[in-house]
Amino acid sequence: MAHTYTPGLKVSQKELITKKRILPLKGDVTVKVGDKLSPDTVVARTHLPGPVETMNVANILGVPPEDISQCMLKKVGDPIKAGELIGLNKSFFGLFKSEAKAKIEGTIETISHVTGQVLLRGHPIPVEVKAYIEGEVVEVFPKEGVAVRCWGSFIQGIFGIGGETHGELKMVVSKPETKLTDDLINESCKDKIIVGGSIVTAEAVKKAIKVGARGIVAGGFSDRDLRDFLGYDIGVAITGSEDLGVTLVVTEGFGEIQMANRTFDLLKSLEGKRACINGATQIRAGVIRPEVIIPIVDDIKTGIAVEGFQGKGLEIGSPIRVIRSPYFGKLGKVTALPSPLQKLESESMARVLEVEFDTDGKHAVIPRANVEMIED
Amino acid sequence: MNNQKPEDIEIILATDCGSTTTKAILIEKTDGQYRLMVRGEAPTTVEAPFEDVTMGVLNAVQEVEELSGRKLLDDKGNIMRPRTKGGAKVGTDIYISTSSAGGGLQMMVAGVVRSMTAESAERAALGAGAIVMDVIASNDKRQPYQQIERIRHLRPDMILLSGGIDGGTTTHVVEIAELIGAADPRPRLGSSYQLPVIYAGNKDAAAAVNETLGKKVDLKIVDNLRPVLERENLLPAREAIHDLFLEHVMAQAPGYKKLMDMTDAPIMPTPGAVGLIIKTISEIENIEVVGVDIGGATTDVFSVFQGVFNRTVSANLGMSYSVSNVFAEAGLENVMRWVPFHMDERDLRNRVKNKMIRPTTIPQSIEELVFEQAIAKEALRLAFIQHKNFATVLKGVQQQRTIADAFEQKGSGQTLVNMMTLNMLIGSGGVLSHAPRRQQSALMMIDAFLPEGITRLSVDSIFMMPQLGVLSTVHPQAATEVFNKDCLIHLGSCIAPSGESKEGKEMMKYSFTFPDGRKEEGKLMFGEMKAFPLGFDARTNLPLKAKAVLEPDGKLDLGDGPGKKVEKEVSGGVVGIILDGRGRPFVVPTDDATRVRKLREWMAVLDIYPKEALQRN
């Protein structure tokens, strides 16, 4: 039989992870090959010219453009502060005064005697790229950025929102089936990446933002809450640039669904370690999944990878999880794999399997397309 | 390329790589005729950990092997060609494929002024069925580096660059081109092709834009979409988006190059292949046709009216990857109006998103099936609206716009689509071809397309029109024979008087004389549906025909004018004759109790779902 499977998400205990860190515009790379980096280390930097603000000082002061030099209190290249007086015109023996005040902080770029226009240039805007993960520089792309490599545990989520962040891993539930509710979050979660079980509630996300948690990793999230948070419905799932104040990585799906034991146990074993997470997701061919990386301090040249879970074909006894209604989220073991197509309640003909559920020992027949294999 | 003579080809293996499922069919010549032998399918493998479309192909072929008993793959997983002559069931003579595995179209548009050229560009992209991920404009208040970062992050499939009226300033538009150049955007599906960028701005800047971007991207220059401030000319840009999507994005997928090496003929984009079939049906039968292929990421609509063929690919309307987008675009209310029982909104939303993130799952319960078919109706309806706007009488006509209506999206030209003159509706795609009951396919098409007058309905039996489309380019005889015998399932005819009436009022009098002499006479009342079985000729296997005399009420029309009697032969099929007295335009009752009662009544008449499924609250 051709095997049926669903797209597997990677959960590996230890593997070599490489991240390219590139500037949006050419600039200076500030690190070199072999440098050890922390997530906040700036690896490349550039400066963009500051914003330009124009002021027609001649008009403001009511003088002809050719006379503007006499009224200017600052000359080209002088630093200025916002609101600072840059031009003054006294008339009628000093009784009437016209003033021109700088709109922004920066420098005087030009003074035109033809138009009376003064160009103010804001401070250069620094643009920096950080390492994101804790690791070692393995390649430098001159003027652009670097490749950073580390050994680490790597967990792929199924959906996420928010961008890159990092923090100490903190388990706020003790079991993968426990809901992550707001009462489990307190001040101790500040700057942490908190890990919950089956679903993170809307209130919990709000509380996490309030106490200053940096990230949340949970089994599920409700789509209704997602819409309420974003203020719009996600049509095509392309995320990562949301600014909610926290990054969310969902590992299993929408609704209440227990985090896979293997994922939960791995995260639990790494509690207290620094985790680097990114919620960016693009669900389409050429998919991008959200990720949780927990760097392991080990020599990148000598470490040994620890194999992740390898999905095999379905067999009798295989542990599975149902990924669609009416048994959505239930765990069990395969008890039979009949070959002929069978008629479902929906009257569709499909290849099925029989399962015994872990929770109540009950049996059910489920289309093979609606289950995914999980680890023991 | 395979150099065999057509007459030597006896075994044909063909696959269609959809965004969600890869379908394989095996055709054999037996007793001098080409017939479909078996069909296999497997999930498309564009996602991690596989990220190679050929794995799904081999899995689907493996299923064909098991079902047919013919060995098609060697020990290394290569498709064995040519077949071994003699008694051994080994190998195939040719292997061909279509692909739409690349999925939907997500693009970025860029223009000089956010509310003018960028706005027009956005309209052109939306009109071509794309999702606009972001609009970059010189005045969008973002720093250039932020814009560049955004382009890199989003990995658009295509960029539409516009800006400036003809003869106007060139500086700003060239600056935006420089920005795109600096972003050095990479297409999401690897480096096998360059990112398509369409330039539809000030014609005087075209040379400079070409100089800036020509070597970095696959640049296509078309007419300015805003040649003067108050005139919009969206069609050239829209058509370019459509063509480039079809040629360069849709068929692409991880492992696409490997697949190209495996096939004996160039891989066709799925809509191209289905379009060929629809066109051929229209030509052979000399009829007006609408065809639809609803997939996981896209829904393709084809039509032939007044001899003019049109094709649209709604790049983000589909039943798996795009299901969440259908839900977002149609709105919960529009989807739920087709469901005759209550479902919890919170739960429904999660179900839709879970289907999106795990696209290969199938409805197990009847409740899930009803909900999935409700979404399908909305996906089809929205795709058809887009098609009607695209299939216009006067192509290239320019739309005059004032500043005031610059923000409204209006189609240009009058649509060619005429539901009254339409002779045949053909459905294909998983949700239509694999519906457990053929009546469900018929009702999905009627509710979504709302045919008027007398319209034949048919469906692709097992979703193989794409493969037959590409086969028609290499072996027309085999394609035609399989199409006629194994592909097209005649469902019957829908008779729907056009016009409005009131509950309890008569829509038309009908009289049918069936081939066996049986007669059915009666009145069709407003808001009523009726069905009469009329099957196939046992000898020829062709649909039987009944003689119909139809007398619509005064204001209502069946094609010959309001109140005019129509005498015609109507075709039967698996479902038979369906009378639709719900009026056109059709409005689902807004009062909830009435809506549920009417839906249940219509579904019961047509035997759409098991009776007990309609009892639940």
Side-chain angles (χ1 to χ4, degrees), chain A residues 1-10 22-26 46 48 51 125 127 156 158-159 220 222-224 226-227 232-238 240-241 253-255 280 282-289 311 323-328 343-350 366-367 369-370 372, chain B residues 19 40 42-43 46-49 59-60 62-63 66 101-104 106 131 133 143-145 148-150 152-155 182 188-190 253-254 297 316 321-322 324-325 327-329 345-347 349-354 356-358 360-366 368-369 434 436-437 610:
Chain A
M1 265 310 134
H3 37 106
T4 301
Y5 45 79
T6 52
L9 298 173
K10 206 172 190 180
I22 304 290
L23 278 170
L25 293 170
K26 292 210 166 153
T46 189
L48 293 173
I125 303 161
V127 180
Q156 240 177 357
I158 199 154
F159 183 82
S222 158
D223 178 53
R224 175 76 175 272
L226 179 66
R227 191 196 61 178
Y232 56 90
D233 245 330
I234 285 194
V236 174
I238 296 168
S241 47
F254 287 88
Q282 295 189 5
I283 297 175
R284 45 184 183 161
V287 69
I288 290 178
R289 295 284 187 194
I323 52 173
R324 185 151 180 176
S325 286
Y327 302 104
F328 178 74
K343 200 175 199 176
L344 309 175
E345 187 207 292
S346 63
E347 300 184 332
S348 292
M349 298 298 286
I366 294 169
N370 290 2
E372 65 185 10
Chain B
S19 61
V46 288
E47 288 204 30
N59 286 335
Q62 203 185 327
E63 189 162 283
E66 286 160 9
Q106 289 106 37
I131 286 280
M133 305 163 94
Q143 293 293 326
Y145 80 95
I148 289 169
E149 216 155 51
R150 188 85 178 131
R152 282 188 184 166
H153 167 71
L154 291 178
R155 301 186 303 162
R188 73 184 146 111
L189 298 171
N316 295 288
Y321 282 105
S322 303
S324 173
N325 192 53
F327 204 70
E329 278 198 25
E345 185 198 332
R346 185 171 275 266
D347 182 40
R349 291 184 156 276
N350 290 336
R351 286 188 200 201
V352 169
K353 286 287 189 298
N354 281 321
M356 173 185 74
I357 57 179
R358 291 189 167 93
T360 53
T361 60
I362 58 173
Q364 176 172 8
S365 65
I366 201 80
E368 286 266 298
L369 182 78
H434 296 325
R437 297 185 184 191

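The analysis underlying the following values was restricted to heavy atoms, covering all of them including side chains, and did not include hydrogens, waters or symmetry mates. In what follows, chains carry the letters A, B, and so on, assigned in the order in which the sequence lines appear, proteins first and then strands, with residues in each chain numbered from 1. Only a predicted model underlies this, so the values are computations on that prediction, with no experimental measurement involved.
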* Minimum heavy-atom distance A/Ala237-B/Met356, with the two atoms named -> CB-CE, 3.7 Å
* To do: Check B/Thr360 against A/Ala369 and note the closest heavy-atom contact, atom names and distance.
  => O-CB, 3.5 Å
Just verifying a value: how many Å separate [X] [atom1] and [Y] [atom2], rounded to the nearest 0.5 Å?
X        : Y        : atom1 : atom2 : value
A/Ile366 : B/Thr361 : CD1   : OG1   : 12.5 Å
B/Gln106 : A/Ile238 : CD    : CD1   : 4.0 Å
B/Glu368 : A/Ser348 : CD    : OG    : 11.0 Å

* Asked: Which answer fits A/Tyr232, side chain, backbone, both or neither, if we ask what part of it has an atom under 4.5 Å from a heavy atom of chain B?
  -> neither
* Asked: Which bit of A/Leu23 comes within less than 4.5 Å of chain B, counting heavy atoms only: side chain, backbone, both or neither?
  -> backbone
Would you say that [X] contacts [Y] through its side chain, given a criterion of any heavy-atom pair below 4.5 Å between the two side chains?
X        : Y        : result
B/Asn325 : A/Ile234 : no
A/Tyr327 : B/Gln364 : yes
B/Arg349 : A/Asp233 : yes

* Residues B/Arg346, A/Asp223: salt bridge by 4.0 Å N-O rule -> no
* Asked: Quick one: what part of B/Glu345 sits under 4.5 Å from any heavy atom of chain A, side chain, backbone, both or neither?
  -> side chain
* Asked: Looking only at atom types and distance, does a side-chain atom of B/Asn354 sit under 3.5 Å from a main-chain N or O of A/Phe254, one as donor and one as acceptor?
  -> yes
* A/Ser325 side chain to B/Ser365 backbone, donor-acceptor under 3.5 Å -> no
* Asked: Any chance the side chains of B/Arg155 and A/Gln282 put a donor and an acceptor closer than 3.5 Å?
  -> yes
At a heavy-atom distance under 4.5 Å, which candidate from [options] has the highest pair count against chain B?
options                                : result
A/Val127, A/Leu226, A/Thr46            : A/Val127
A/Met349, A/Lys343, A/Arg324, A/Glu345 : A/Arg324
A/Gly235, A/Gly220, A/Pro367, A/Ser222 : A/Gly235

* Asked: Among B/Val352, B/Ile366, B/Leu369, B/Asp347, which residue forms the greatest number of heavy-atom pairs with chain A at distances under 4.5 Å?
  -> B/Ile366
